Undergrad: 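Here it is, the structure in full.
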Amino acid sequence: MSTQSVSVQSSNTNTIMNNISVLMTCPMSEYLEQELETRFNVIKLWNHSSSKSDFFKNNSNFIKAVVGNTELGADAEMIDSLPNLEIVSSYSVGLDKIDLDKCKEKGIKVTNTPDVLTDDVADLAIGLALAVSRKIPVSDQFVRNGNWIRGDFGLATKFSGKSVGIVGLGRIGSAIAKRAEAFNCPISYHSRSKKPNTNYKYYSNIVDLAANCQILIVACALTEETRHIVNRKVIDALGPKGILINIGRGAHVDEPELVSALLEGRLGGAGLDVYENEPELPEELFALENVVLVPHVGSDTEETSKAMADLVISNLEAYFKGELLLTPVM
Amino acid sequence: MAVESQSHPSQNHLPYVLILNKPPPAFLIFGDHFYNSPKFHFLKAYESPLPLPQFLLAHAQSVRAILSSGSAPVTADTIRLLPHLRLVVTTSQGLNHIDLAECRRRGIAVAGAGNIYSPDCADSVVGLLIDVLRKISAANCFVKQGLWPSQGDYPLGFKLGGKRVGIVGLGSIGSEVAKRLEAFGCSISYNSRNKKPLVPYPFYPNVVELAANCDVLVISCALTDETHHLINKEVLSALGKDGVIVNIARGSIIDEKELVRCLVEGEIRGAGLDVFEHEPDVPVELFALDNVVMSPHNAVFTRESLEELRKIVVGNLEAFFANEPLLTPVCLDDQPHFSG
C-alpha cells in the first residue's frame, strides 16, 4: 500500500472518529476537553443545563461515549436515555457515580483511571495527617496574622511512630501504608478480607481497628457495604486523641456524627478531602483548628490530571479502533 | 564527691545549674518545674533584677553548669565570668548560640539534644513540603472561608512523587528526611561538609550544583560561618522556577532578602519555612503568597519531643554532678566555628 493511501486511511479513521459523539458530564479538565475535541465530536452537558430534556431528545441517539467524573458520572437515568451508549470512560478511579449493574446489563464498557493517581492521593493522606498532627495550617495562619510577635505557639503532636489504621488496603491504601512505614508508624488495616502477602495487622471489624490505632485513614471504594462505614461507634473507638483522615468518599463517614464528635471533643482531629454533599460542607467545622479541610483535590496535580486525561483518551481511542482497553473495569 | 565550697551554699548543699537571661521554652509551656531534679537546683538569672553581667559576678563561684536554650546565648564573655563552669547543656538542636571554640579552649563540656528531635524535624520538612506542593494550608483557608461553592475548583498543585530532593546537611535530621521522602518516590542527593562513604545517595561537592540537579532543596545543616547565607542568589537561580526550598534549620543559612525576591517574582516555585533571619519578624511580602507555608520555629515543639528532652536534660545534669558520662555529649573537636 502506498504511503498516500495509508495517510488517507489514517485521516479516514480520524474522520470516522470525529463523527463519534462523546458526552462530557461536567467541566473536569480543560486539557481533557481540548484533547477530546481534536478527536471526537464533544457534547458538553453543562452547556445544555437549561434544556436538559430537549437536549436528550435531540442528541441522545448519537452519543456513543460518556466521560464522567466524581461529581457526575453515568447513573441509571442517563444510561437509559442514551440508547446507543457503548462506553463510559471515567476521569476518576472511583466508580460510585456509575451504575455498573446497568452497564453490565447493556454490555456498556467502563474504564477508569487507576494507578496514575495512586501516589497523589496517598501523598495527600499523609500530608493531611501531618497537617492535623503538627498543626501546620494553624501555624501558617499564626505567622501570617502577626501572632508570633505577640507570643509563642504552643505544642503540636508528633506524627512519627503513631499507629496508623487503614480502611481498605487496595492500591491507595497500600501506598499510604508504605509511606507511613517510613515514619516508623505501625500499620494495621480493615478490609473485606485479609490480604495475603502483607505483614500488617488485620482487623475483621472496623471498630476494633479504630480502637487500636491513633490515626484512621479511609481509603476504600464506596459501595453499598462501605456507606457510613465510619459511624459513631467507630469515631468513639478512635477517641479524643484520635485523628480521622478521609481521602475516600464523603459518604464513607456519617458526617453529622463526625461533626458532633469534633465539636464535643470526642474525636481529636480530622483531615478531610471529601464530603457527603460537595461542595457544601458543615460550617461548624470551619472554626475548628484541629480540622483541616481541602476541596476534593486528591488527584489534583498538574502531572496527574494530565496522566488521567491521557488515560481517558487512550481508552476511548483504543475502543473505537477496536483495540484492547487499557484500564477496563469490566 | 566533696561538696565544693560556695559563696552561696544552698540549704541542702545541692549544686546549682545556671539559667541565663531567658527561661527555656519548656518553662513557658509547662511551668518552671519542668526540669526539676532532687540532684540540683536552678539559679534563674532571668528572675533577677540585676543585669546579666552583675548577676554572673554575684554567683560566679557557685556555677559549674549552665542550662541554655537557643534564645539565651552562651558567649565568651559569659563564660569568662564563670571560672568554675565545666558544662553547658542546651535544649536546642542548634549549637550556634554557644561559643564552642571558647568551651573547647577551657575544657567545658557541651551536651545537646542528641537525635531526639530528628523525627519531628523530618516530619516538619515533609509536612511543609507536601503543603507547599499540594497547597494544603491555602486550600484549607479557601474552604473555611466558604469559597468552594462559589469559586469552584481549586487550582492544581504539583506531584511529589518522582521529584529530585537535594538535602543540604545529611546528618541525623537529613537522613530521616531522606528515608521518608524515598517512600514517596523521590530520589535523594545531598551536599555535606564531607562525602559520607556509606550513604547510597549521590553527593554534590557544592550547593549550586546540588540545586541545579534537584526540584526540592531541603536545608538541614548547622548554622556556621561557612553556612551563613549559603543559599544565595546563585543557588536559588540554579534551583529554578520549578524548585521548592524547605528550611527547618536556621534562617540565616538563606539570604532571606534574596529568597523573598525570588518568591515574589516567581523565580522559584515555593517555600516551606520554619525559621527566619530575624525571628519573630517575618518579611511581610510573604504573607500575600500562597506558595509559601510558614511555621513559627516550632519543628521540635511536640509534646513527645519535649518529654524526651526533659529526660535527657535532667539525665545529662544528674550524670555530670555524679561524675558519670554525659548522655548526649557534643564532640567539640568536630565543630566548625560560628562567630555569631
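The chains referred to below are lettered A, B, ... by the order of the sequence lines, with proteins before strands, and numbering in each begins at 1. Note that the structure is a prediction, hence the values are computed from the model and not measured. The basis for the numbers below is simple: all heavy atoms, side chains too, and nothing from hydrogens, waters or symmetry mates.
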Undergrad: Heavy atoms only: give me the nearest A:Glu280-B:Pro149 pair and the separation to one decimal.
TA: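 For A:Glu280 versus B:Pro149, the nearest heavy atoms are OE2-CB, 3.9 Å.
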Undergrad: Pick one of side chain, backbone, both or neither for B:Leu160, based on which atoms fall under 4.5 Å of a heavy atom in chain A.
TA: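 Both backbone and side chain.
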Undergrad: Return yes when atom NZ of A:Lys44 has more than 12 non-hydrogen atoms of other residues, nucleotides or ligands closer than 6.0 Å, and no otherwise.
TA: yes
Undergrad: Does a side-chain N-to-carboxylate-O contact under 4.0 Å join A:Asp123 and B:Lys159?
TA: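 No, this pair does not count.
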Undergrad: Taking all heavy atoms of A:Val143 and all of B:Phe287, pick out the closest pair and write down the distance.
TA: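 Here A:Val143 and B:Phe287 meet closest at O-CZ, 3.5 Å.
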Undergrad: Below 4.5 Å from any heavy atom of chain A, which atoms of B:Ser150 appear? Answer side chain, backbone, both or neither.
TA: neither
Undergrad: If contact means a heavy atom pair closer than 4.5 Å, which residues of residues 138-148 of chain B contact chain A?
TA: B:Ala139, B:Asn140, B:Cys141, B:Phe142, B:Val143, B:Lys144, B:Gly146, B:Trp148
Undergrad: Heavy-atom cut-off 4.5 Å, strictly under: side chain, backbone, both or neither for A:Leu281 against chain B?
TA: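 Side chain only.
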Undergrad: Which one of B:Asp131, B:Leu128, B:Asp120 satisfies the side chain to side chain contact (heavy atoms under 4.5 Å, CB included) criterion with A:Arg134?
TA: B:Asp120
Undergrad: Taking the side chain as everything from C-beta on, heavy atoms only, tell me whether A:Asp120 gets closer than 4.5 Å to B:Arg134.
TA: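 In contact.
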Undergrad: For B:Lys179 versus A:Ala182, what's the shortest heavy-atom pair and its separation?
TA: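 Of all heavy-atom pairs spanning B:Lys179 and A:Ala182, the closest is CE-O, 3.4 Å.
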Undergrad: What's the spacing between A:Leu124 CG and B:Leu133 CG if we round to 0.5 Å?
TA: 12.0 Å
Undergrad: Can you tell which part of A:Ser299 gets under 4.5 Å to a heavy atom of chain B, answering side chain, backbone, both or neither?
TA: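 The backbone, not the side chain.
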Undergrad: Quick one: which of A:Ser139, A:Pro137, A:Pro279 has the most heavy-atom pairs under 4.5 Å with chain B, could you say?
TA: A:Pro279
Undergrad: Against chain A, label B:Val284 side chain, backbone, both or neither, depending on which of its atoms sit under 4.5 Å from a heavy atom there.
TA: neither
Undergrad: Checking A:Glu283 against chain B: side chain, backbone, both or neither under 4.5 Å from a heavy atom?
TA: neither
Undergrad: Determine the option with the most heavy-atom pairs under 4.5 angstrom with chain A, choosing from B:Val126, B:Leu181, B:Leu306.
TA: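 Highest number of pairs under 4.5 Å: B:Val126.
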Undergrad: Run the side chain to side chain contact (heavy atoms under 4.5 Å, CB included) test on B:Arg303 and A:Lys158 for me, step by step, so that the C-alpha distance in whole Å, both residues' side-chain angles and the decisive distance to 0.1 Å come before the verdict.
TA: CA-CA 7 Å; B:Arg303 219 161 273 283; A:Lys158 187 170 182 168; over 6 Å; no
Undergrad: Identify the heavy atoms of B:Asp123 and A:Phe183 that sit nearest to each other, and give their distance.
TA: OD1-CD2, 3.1 Å
Undergrad: Under 4.5 Å between any side-chain heavy atoms of A:Lys178 and B:Phe184, yes or no?
TA: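 A:Lys178 does not reach B:Phe184 side chain to side chain.
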Undergrad: Do the side chains of B:Lys163 and A:Glu303 get close enough for a salt bridge, i.e. N-O under 4.0 angstrom?
TA: yes
Undergrad: Where do A:Phe153 and B:Pro296 come nearest, in terms of heavy atoms and distance?
TA: CB-CG, 3.7 Å
Undergrad: Does any part of the side chain of B:Ser137, heavy atoms only, come nearer than 4.5 Å to the side chain of A:Ile136, both counted from C-beta?
TA: yes
Undergrad: Which bit of A:Phe142 comes within less than 4.5 Å of chain B, counting heavy atoms only: side chain, backbone, both or neither?
TA: side chain
Undergrad: Check the pair B:Glu304, A:Lys162 against salt bridge (Lys or Arg N to Asp or Glu O under 4.0 Å), reporting the backbone distance first and the verdict last.
TA: CA-CA 11 Å; B:Glu304 293 87 341; A:Lys162 289 294 185 319; 2.7 Å; yes
Undergrad: In terms of heavy-atom proximity below 4.5 Å to chain A, should B:Ile136 be classed as side chain, backbone, both, or neither?
TA: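 Both backbone and side chain.
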Undergrad: For the residue pair A:Ser160 and B:Arg180, what are the closest heavy atoms and their distance?
TA: OG-NH2, 2.7 Å
Undergrad: Can you establish whether the number of heavy atoms outside B:Glu285 located under 6.0 Å from its atom CD is more than 12?
TA: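 Atom CD in B:Glu285 is crowded, with more than 12 foreign heavy atoms closer than 6.0 Å.
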Undergrad: Tell me, for A:Leu128 versus chain B, whether the close heavy atoms (under 4.5 Å) come from the side chain, the backbone, both or neither.
TA: both
Undergrad: With a 4.5 angstrom heavy-atom cut-off, could you sort out which part of A:Ser305 is near chain B: side chain, backbone, both or neither?
TA: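 The side chain, not the backbone.
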Undergrad: Is there side-chain contact between A:Thr157 and B:Thr302, with heavy atoms separated by less than 4.5 Å?
TA: no
Undergrad: Which atoms of A:Ala156 are under 4.5 Å from chain B, going by heavy atoms: the side chain, the backbone, both sets, or neither?
TA: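 A:Ala156 touches chain B through backbone and side-chain heavy atoms alike.
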Undergrad: In sequence, state the C-alpha distance, the side-chain angles, and the governing distance for A:Asp140 and B:Ser295, and then conclude on side chain to side chain donor-acceptor pair (under 3.5 Å).
TA: CA-CA 5 Å; A:Asp140 183 69; B:Ser295 51; over 6 Å; no
Undergrad: Check whether A:Leu155 gets within reach of chain B through its side chain, its backbone, both or neither, counting any heavy atom under 4.5 Å.
TA: both
Undergrad: Side chain, backbone, both or neither: which part of A:Asp119 has a non-hydrogen atom closer than 4.5 Å to chain B?
TA: side chain
Undergrad: Quick one: pull up CD1 in A:Ile149 and CD in B:Glu279 and give me the separation to the nearest 0.5 Å.
TA: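 CD of B:Glu279 is found 11.5 Å from CD1 of A:Ile149.
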Undergrad: Who are the side chain to side chain contact (heavy atoms under 4.5 Å, CB included) partners of B:Glu267, not counting sequence neighbours?
TA: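 Testing B:Glu267 for side chain to side chain contact (heavy atoms under 4.5 Å, CB included), a comparison that skips the adjacent residues, returns B:Arg261, B:Cys262, B:Glu265.
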Undergrad: Tell me, side chain or backbone of B:Ile130 under 4.5 Å from chain A's heavy atoms, or both, or neither?
TA: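 The side chain, not the backbone.
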